[in-house]
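The structure appears below as structure tokens.
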Amino acid sequence: MDKAISEIDWSLVQAFLAVAETGSLSGAARFLGLSQPTLGRQVKALEAQLGAELFHRQPRGLALTQTGSELVGPAHAMRDAVHQIALTAGGQQARLEGTVRITASVATSAMHLPAIIAHIRRVEPQIAIELVPSDDTSNLLYREADIAVRMYRPTQLDLVTQHIGEIPLGVFAAKSYLAERGMPTTEQELLAHDFVGYDVSTLIIDGFKKEGVVVDRDFFKTRCDDNIAYWELVRAGCGIGFAQADIGHNDPQIAEVDLDFSLPTLPIWLTAHEAMRQTPRIRRVWDLLAEGLKPLVS
């Protein structure tokens, strides 16, 4: 084997993959947090080392050459191997100290996790916590997070999951709104009220449909997909809305609209990569998260 090829720098392969997956130097640079000239030099360095052109330069970006296309698979395998080395090494760290990175939805991060994390910091002061509020799915396999709190069961291989339980939902409105409009006592009265709904998501519309009530987007006179802002709209008196029961019951500005209205529940799962789950600090934070989240479930 050519010595130059056998000593390929992973950073050059990483640059190649980023460009291949984003289709441009600018997109790859943003993804990797590098400058565009630096990334361009890395791609040219890999092409020089391999003695092959990997991309065709086009007006709207870069397209893989045949050689480049054939190298994407091996490059993915190299990336997976590098990440597996990091995971295996990380899983061997025995000290109950260091950093644990947690990702959860924006709503869960804002409404539930701060108190739990404060408790973790009190009982384990040597463990630092990084919280990543995101409604996107972080990739635990690539160490974007150590532990994920999910409202669904992840299905990726090599992940360990724990079902904490089911979070009940409720129908709520601001006391100020109900003082003006009255508390509905029948389904007919309920549907005559203003509702806060989602903008793009159809979850609430689908929930009404399951109950035999057909409504469309225009039924909701106030609409927002961000769950934090959504709840603030309900609290401000924009109308009746839906929320986790624990959030509504603990808000002094809110009253529950208690009708015989069937509501789904939200499952809550803890997830981690199986290699990292055995790291003492991650296992300890996992256990404390599970303990802190259990009061939320039915």
Side-chain angles (χ1 to χ4, degrees), residues 102-117 119-120 131-140 145 147-156 159-174 190 195-213 215 217 220 222-235 238-251 253-272 285-298:
I102 302 168
T103 186
S105 70
V106 173
T108 298
S109 297
M111 296 179 176
H112 298 313
L113 291 188
I116 297 173
I117 291 172
H119 175 68
I120 293 172
L131 177 61
V132 185
S134 175
D135 292 326
D136 295 330
T137 301
S138 296
N139 195 326
L140 297 173
I147 301 174
V149 182
R150 298 284 189 235
M151 299 303 181
Y152 59 89
R153 182 175 187 174
T155 57
Q156 289 174 286
L159 296 182
V160 177
T161 61
Q162 179 182 344
H163 182 217
I164 304 300
E166 300 288 320
I167 299 178
L169 299 179
V171 185
F172 300 97
L190 177 70
F195 274 82
V196 181
Y198 289 143
D199 180 20
V200 177
S201 170
T202 63
L203 284 174
I204 298 177
I205 292 174
D206 295 341
F208 270 101
K209 186 177 180 180
K210 288 180 181 178
E211 290 299 304
V213 180
V215 298
R217 183 174 178 273
F220 303 95
T222 309
R223 299 181 286 266
C224 180
D225 283 327
D226 183 286
N227 283 300
I228 300 296
Y230 176 97
W231 183 242
E232 290 303 319
L233 291 169
V234 174
R235 295 180 78 244
C238 291
I240 295 172
F242 303 88
Q244 296 176 26
D246 177 76
I247 294 171
H249 292 157
N250 289 299
D251 193 321
Q253 294 181 226
I254 293 294
E256 186 167 13
V257 179
D258 190 11
L259 292 177
D260 186 19
F261 204 78
S262 177
L263 292 174
T265 57
L266 286 177
I268 187 165
W269 293 81
L270 286 184
T271 308
V285 171
W286 174 292
D287 292 341
L288 290 170
L289 279 172
E291 177 186 317
L293 291 168
K294 280 181 180 177
L296 303 178
V297 304
S298 56

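The figures here come from the full heavy-atom set of this structure, side chains too, leaving out hydrogens, waters and symmetry mates.
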Return yes if some donor-acceptor pair links the side-chain N/O of [X] with the main-chain N/O of [Y] below 3.5 Å, else return no.
X: R223; Y: R217; answer: yes
X: N250; Y: D246; answer: yes
X: T202; Y: I205; answer: no
X: D135; Y: V106; answer: yes
X: D199; Y: D225; answer: no

Heavy-atom check, side chain of [X] versus side chain of [Y], under 4.5 Å:
X: R150; Y: T103; value: yes
X: L270; Y: V149; value: yes
X: T108; Y: M151; value: yes
X: L169; Y: P264; value: yes

Practice problem: Only counting residues at least two apart or in another chain, list the ones meeting side chain to side chain contact (heavy atoms under 4.5 Å, CB included) with P168. | Solution: A245, S298
Quiz item: How would you list, by chain and number, every residue that makes a side chain to side chain contact (heavy atoms under 4.5 Å, CB included) with A173, sequence neighbours excluded?
Solution: Y177, L178, I240, V257
When rounded to the nearest 0.5 angstrom, what is the spacing between [atom1] in [X] and [atom2] in [Y]?
X: N227; Y: Y198; atom1: CG; atom2: OH; value: 4.0 Å
X: L131; Y: S109; atom1: CG; atom2: OG; value: 4.0 Å
X: Y152; Y: T271; atom1: OH; atom2: OG1; value: 7.5 Å
X: I167; Y: H112; atom1: CD1; atom2: NE2; value: 5.5 Å
X: I102; Y: L289; atom1: CD1; atom2: CG; value: 4.5 Å
X: R153; Y: I268; atom1: CZ; atom2: CD1; value: 15.0 Å

Quiz item: Of all residues at least two apart in sequence or in a different chain, which pass the side chain to side chain donor-acceptor pair (under 3.5 Å) check with H163?
Solution: E166
Quiz item: Considering all heavy atoms of both residues, which atom of Q244 and which atom of F172 are nearest to each other, and what is their separation?
Solution: O-CE1, 4.1 Å
Quiz prompt | Heavy-atom pair with the smallest gap, counting every atom of Y230 and V196 | solution = OH-O, 2.7 Å
Exercise. Output all residues satisfying ring-ring contact (aromatic ring centres under 6.0 Å, His included) with W286, sequence neighbours left out; order by chain, then residue number.
Key: none
Exercise. Please list, chain by chain and in numerical order, all residues satisfying ring-ring contact (aromatic ring centres under 6.0 Å, His included) with F195, sequence neighbours excluded.
Key: F208, F219
Please list, one pair per line, the donor and acceptor atoms closer than 3.5 Å that link side chains of residues 290-297 to other protein atoms, with sequence neighbours excluded.
none

